[in-house]
Amino acid sequence: MKTNRRDFLKISGLGLGGILASRDIAQTAASTVDELFPGKKRIPTYCEVCFWKCAAWVKWNKKGELCKIVGNESDPLCKGRLCPRGTAGLGMYSDPDRLKTPLIRSYTRKGQYYREASWPEAIDYIASRTRKIINESGAESLALFSHGSGGKHFTRFLRALGSGNYTAPSYAQCRGPRDVAFKATYGTPLPSPEPLDIKNTNCLVLIGSHLGENMHNSQVQEMSQLIDRGVDIITVDPRLSTAAAHSTMWLPIKPATDLALLLAWMNVIIEEGLYDRNYIENYCFGFEDLQTHLEDKTPEWAASITNLDPEKIRKAARMMAQAAPSVIVHPGRHVTWYGDDTQRSRAIAILNALLGSYGRKGGIFIPQAAKIPSYPHPAYPKPKWDWKQTLNGRYSLAHLSVSNALIDASHPDNATDNKIRGWFIVGTNLIHTVPDIPRTIEALQNQDLVVVVDTMPAEITGYADVVLPECTYLERYDDLRASPYREATVAVRTPALKPKWLTKPAYWMVKKLAYKFGLQPYFNYSDYDDVLSWQANQMGISYTELVEKGMLKVPNPSNLYFDPVDQPTFNTATGMIELYSFAFEDEGFDPLPDYTEHPEPPDGYFRLNYGRAPMHTFSRTGNNHFLYDLYPESPVWVNPEVAENLGLRNGDRVILENSEGVSSEFSAKVRVTNRIGPDSVYMVHGFGHSDPRMKKTYAKGISDTQLMTNVMIDPVMGGTGMRGNFVKIRKKSREGLFS
Ligand SMILES: Nc1nc2c(c(=O)[nH]1)N[C@H]1C(S)=C(S)[C@@H](COP(=O)(O)OP(=O)(O)OC[C@H]3O[C@@H](n4cnc5c(=O)[nH]c(N)nc54)[C@H](O)[C@@H]3O)O[C@H]1N2
Ligand SMILES: Nc1nc2c(c(=O)[nH]1)N[C@H]1C(S)=C(S)[C@@H](COP(=O)(O)OP(=O)(O)OC[C@H]3O[C@@H](n4cnc5c(=O)[nH]c(N)nc54)[C@H](O)[C@@H]3O)O[C@H]1N2
Ligand code: SF4
Ligand SMILES: [Mo]
């Protein structure tokens with residue numbers, strides 16, 4: 001049967017009969033360590049609850065019972081301490097609502113349902129559908145959307161088949177604009193974790209980065225040291241964020257106007273001669289053009305746009321210059337805001353250069369990463385076309401694949417020859433992740449095969465033909481962690497618990513699939529520690545010691561800061577830091593960033609603002625019982641003036657309706673607070689789950705993504721600006737209706 005019409009399957013109540021033998025169910029109780037690993041009391045892993053990947057220990061108590069997850073004391077990314085989410089990682093393992101068996105979409109006259117399937121059946125099914133797509137239109141018609149460790153294994157599978165269409169939301173929905181801006185300016189994008197020398201800085205400037213709610217571990221720890229030391233922190237945020245509340249200076253900017261502030265700061269720094277002359281002369285190109293460009297961008301000009309006091313704008317610029325070069329204008333991370341995000345990020349990159357902070361102690365350091373050799377495999381076939389061709393001339397500076405462009409290539413309105421016909425989705429809940437949900441669903445409906453690999457019955461699994469249950473990070477090996485930071489390190493993840501039910505690791509799944517296509521040579525391992533121990537060996541590290549210690553330091557490949565004698569080279573057209581960007585000019589974009597005006601909310605509407613809560617990660621932790629107990633749903637923050645006008649009180653339930661008429665599926669409680677201005681409402685991303693199989697979090701709170709139907713695409717690299725959506729607030733009446 002052709003499966004191009006997919007009901008969103010919200011199945012509950014399907015018993016665990018048949019496939020799932022009682023012995024699998026008995027595994028819900030954690031095995032003891034003596035049973036699993038005689039003689040061991042702790043097992044090394046790195047956390048997967050977010051992408052900071054803190055190295056950690058899974059520990060057992062004296063009785064040999066699993067007791068907790070703690071940070072690895074020698075890991076620079078966590079300094080021995082996990083954030084609340086990492087500590088609650090066991091909740092990912094013990095969640096009773098986890099996916100338990102493979103599921104295959106099946107059809108009866110009455111409708112569609114998922115039936116539990118065995119692994120051989122599920123693998124056969126995927127292989128035969130995949131083969132059909134390859135035979136008819138080539139392996140290039142297969143796409144992979146992934147986030148997290150499992151995605152790496154599936155990327156290898158896709159490449160071995162001959163497709164280059166793999167993508168992650170961490171680019172066009174997150175860091176892409178920043179990375180393109182830094183690449184254009186310094187010749188290299190910024191990696192994750194950001195190489196920010198926060199602990200050594202004398203001034204930290206946060207533009208929207210809400211550290212403290214954004215819990216990126218070592219950054220938050222180092223920022224709290226700054227607070228204790230009384231170091232200057234300047235926070236630009238329309239909302240009184242946790243960071244703003246702990247800052248020397250809070251600039252409550254009018255939303256969407258940051259570019260004007262950044263230009264005015266640069267104007268002050270140049271006009272008052274506060275820039276780093278030597279640095280500019282030795283390393284930078286285009287200073288005179290920049291100077292001319294900024295002549296009229298005075299604090300008074302910016303004040304009229306940003307609603308900030310011009311004297312405060314001057315004062316902040318002087319504070320930065322005084323601390324320079326030990327100053328960090330934080331480049332941000334989730335920067336897809338208003339569609340001109342690459343230009344805003346360029347302004348941040350240039351401001352850091354004027355202050356001479358890039359490559360300097362207390363500024364932005366040169367990231368140090370271990371190089372992990374790739375496990376031997378035959379060369380990947382060269383695809384006839386890949387994601388670059390799907391852009392059709394758009395987003396010319398995108399240097400990684402753009403998830404939304406692959407969605408476009410999968411959509412029925414794609415009139416080109418480069419069509420995507422099958423999706424593998426691994427560890428990304430696209431329904432909560434990519435704005436304009438109806439378009440994603442139309443593209444999904446147009447596929448001949450949709451495979452979803454997840455640990456939970458997340459919304460995206462309801463659109464699959466086949467759902468493959470991955471075991472959690474606590475039950476598997478994954479690739480070695482080689483996160484770039486101040487020190488080059490290698491960390492290892494090994495299974496601390498037996499996979500529950502019929503769940504399996506992604507590396508096992510791709511090996512089984514590869515077998516069906518004669519691609520075994522690409523996955524030539526029996527268990528994944530074959531790969532890890534081979535890699536460790538090649539690097540001259542003892543694998544036994546690595547597992548014993550969880551994480552090892554290896555020699556840094558370069559200096560952490562620019563050498564005062566040796567001239568660094570930059571991978572740009574001029575070989576210098578490009579204040580004036582030839583890469584931008586060549587592609588028809590402003591070579592120097594300029595301010596663009598954005599629409600204001602219409603009468604009766606508010607700007608939809610969103611962010612993070614310390615105890616949740618996106619949509620993945622809502623059902624984690626530890627974290628649910630701490631924070632079951634996000635309230636909607638409303639300014640007291642607005643609350644008064646609309647007759648709203650703390651705790652009232654409301655739904656939100658956007659200016660295109662889309663209403664939130666569920667309601668949330670109002671939180672009346674001065675911490676948000678009267679032009680916006682604020683909520684935490686990741687709530688409003690619509691899949692009843694996630695029993696705890698189902699229907700709790702509002703999904704910000706559902707209300708994002710106006711997507712402002714960044715013309716430079718295709719990022720999806722998400723902050724231009726306006727909503728009105730509808731209160732629940734006594735009769736239970738929203739008016
Ligand atoms: N509206 C809105 N959209 C956003 C954002 C926002 O703030 N608001 N933020 C953006 C940003 S910054 C980012 S980085 C992206 C994040 O985007 P995603 O990574 O897609 O975010 P999650 O919602 O956490 O979805 C992760 C999925 O992976 C599953 N999962 C968790 N662990 C595992 C595992 O070990 N194996 C497998 N196979 N699956 C697993 C979870 O159950 C969940 O379904 O979202 C972006 N999109
Ligand atoms: N606890 C937790 N921590 C996380 C994550 C998580 O899911 N949970 N996700 C991680 C990931 S992948 C990412 S990318 C980061 C994202 O974290 P950040 O990069 O810090 O997030 P943003 O969404 O860019 O910033 C949110 C802040 O921007 C403010 N803001 C809104 N509009 C404007 C504006 O016009 N101008 C200015 N200056 N500020 C504005 C909001 O009020 C809010 O305080 O968090 C990371 N850390
Ligand atoms: S910051 Fe928290 S959730 Fe993220 S990897 Fe570290 S401990 Fe895990
Ligand atoms: Mo992100």
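Numbering of ligands and ligand atoms starts at 1, following listing order. The residues of the chain are indexed from 1 along the displayed sequence.
- Ligand 2 has no N or O atom lying under 3.5 Å from any N or O atom of Met615, backbone or side chain.
- Heavy-atom distances between Arg85 and ligand 2 reach below 4.0 Å in at least one pair.
- The shortest heavy-atom contact between Thr428 and Pro169 is OG1-CG, 3.6 Å.
- Below 3.5 Å of separation, one finds an N or O of Tyr338 facing an N or O of ligand 2.
- Within ligand 2, counting atoms from 1 as listed, the ones closer than 4.0 Å to a heavy atom of Pro614 are 1 (N).
- Listed by number with element, the atoms of ligand 2 under 4.0 angstrom from any heavy atom of Asp258 are 34 (C), 35 (O), 36 (N), 37 (C), 38 (N).
- What you find for Ala122 and Pro102 is that their closest heavy atoms are CB-CB, 3.7 Å.
- Both tests do not hold together for Arg607 against Tyr682: distance to the six-membered ring centre under 6.0 Å, angle to the ring axis within 45°.
- The minimum heavy-atom distance linking Thr472 with Glu475 is given by the pair N-OE1, 2.5 Å.
- If you number the atoms of ligand 2 from 1 as listed, the ones under 4.0 Å from a heavy atom of Pro255 come out as 35 (O).
- Within the listing of ligand 2, atoms 42 (O), 43 (C), 44 (O) sit less than 4.0 angstrom from a heavy atom of Arg239.
- You'll find the side chain of Pro193 reaches within 4.5 Å of the side chain of Pro484, heavy atoms only.
- Between Val236 and ligand 2, at least one N/O pair is under 3.5 Å apart.
- Of all atoms in ligand 2, listed by their number and element, those nearer than 4.0 Å to a heavy atom of Glu213 are 1 (N), 2 (C), 3 (N).
- Taking any N or O of Thr257, backbone or side chain, none lies under 3.5 Å from an N or O belonging to ligand 2.
- Under the 4.0 Å criterion applied to side-chain N and carboxylate O atoms, Lys53 and Asp478 are not assigned as salt-bridge partners.
- When the options His685, Gln173, Met722 are evaluated for a side-chain contact (heavy atoms from CB on, under 4.5 Å) with His334, the one that passes is Met722.
- Applying the 6.0 Å contact sphere to NE2 of His246 captures no more than 12 heavy atoms from other residues, nucleotides or ligands.
- Residues Thr433 and His147 form no side-chain contact, since every pair of their non-hydrogen atoms from C-beta on lies 4.5 Å or further apart.
- Contacts classified as salt bridge (Lys or Arg N to Asp or Glu O under 4.0 Å) and involving residues 205-216 (residues at least two apart or in different chains) are given here: Glu213-Arg239.
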Any chance you could lay out the ring-ring contact (aromatic ring centres under 6.0 Å, His included) test for Tyr171 and His399, step after step, and finish with the verdict? CA-CA 10 Å; Tyr171 191 66; His399 63 292; 5.3 Å; yes
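- Using a 4.0 Å cut-off between charged nitrogen and carboxylate oxygen, Glu48 and Arg620 do not count as a salt-bridge pair.
- The cationic group of Lys500 lies under 6.0 Å from the six-membered ring centre of Tyr93 and within 45° of the ring axis, placing it in a cation-pi geometry.
- The aromatic rings of Trp423 and Phe145 are tilted relative to each other, their planes meeting at an angle between 30° and 60°.
- Interface of Ala256 with ligand 2, defined as ligand atoms under 4.0 Å from a residue heavy atom, comprises 35 (O).
- At a 4.0 Å cut-off, at least one heavy atom of Ala613 sits close enough to ligand 2 to count as contact.
- Using a 4.0 angstrom heavy-atom cutoff, Trp337 counts as in contact with ligand 2.
- Annotation: ligand 1 has protein neighbours His147, Pro169, Gln173, Cys174, His334, Gly427, Thr428, Asn429, His432, Thr433, Val453, Asp454, Thr455, Met456, Ala458, Glu470, Arg476, Tyr610, Arg612, Phe618, Ser619, Arg620, His685, Asp704, Thr705, Met708, Met722, each with a heavy atom less than 4.0 angstrom from the ligand.
- An N or O contact shorter than 3.5 Å is missing between Pro238 and ligand 2 by distance.
- At least one N or O atom of Asp237 sits closer than 3.5 Å to an N or O atom of ligand 2.
- Interface of Asn609 with ligand 2, defined as ligand atoms under 4.0 Å from a residue heavy atom, comprises 31 (C), 41 (C), 42 (O).
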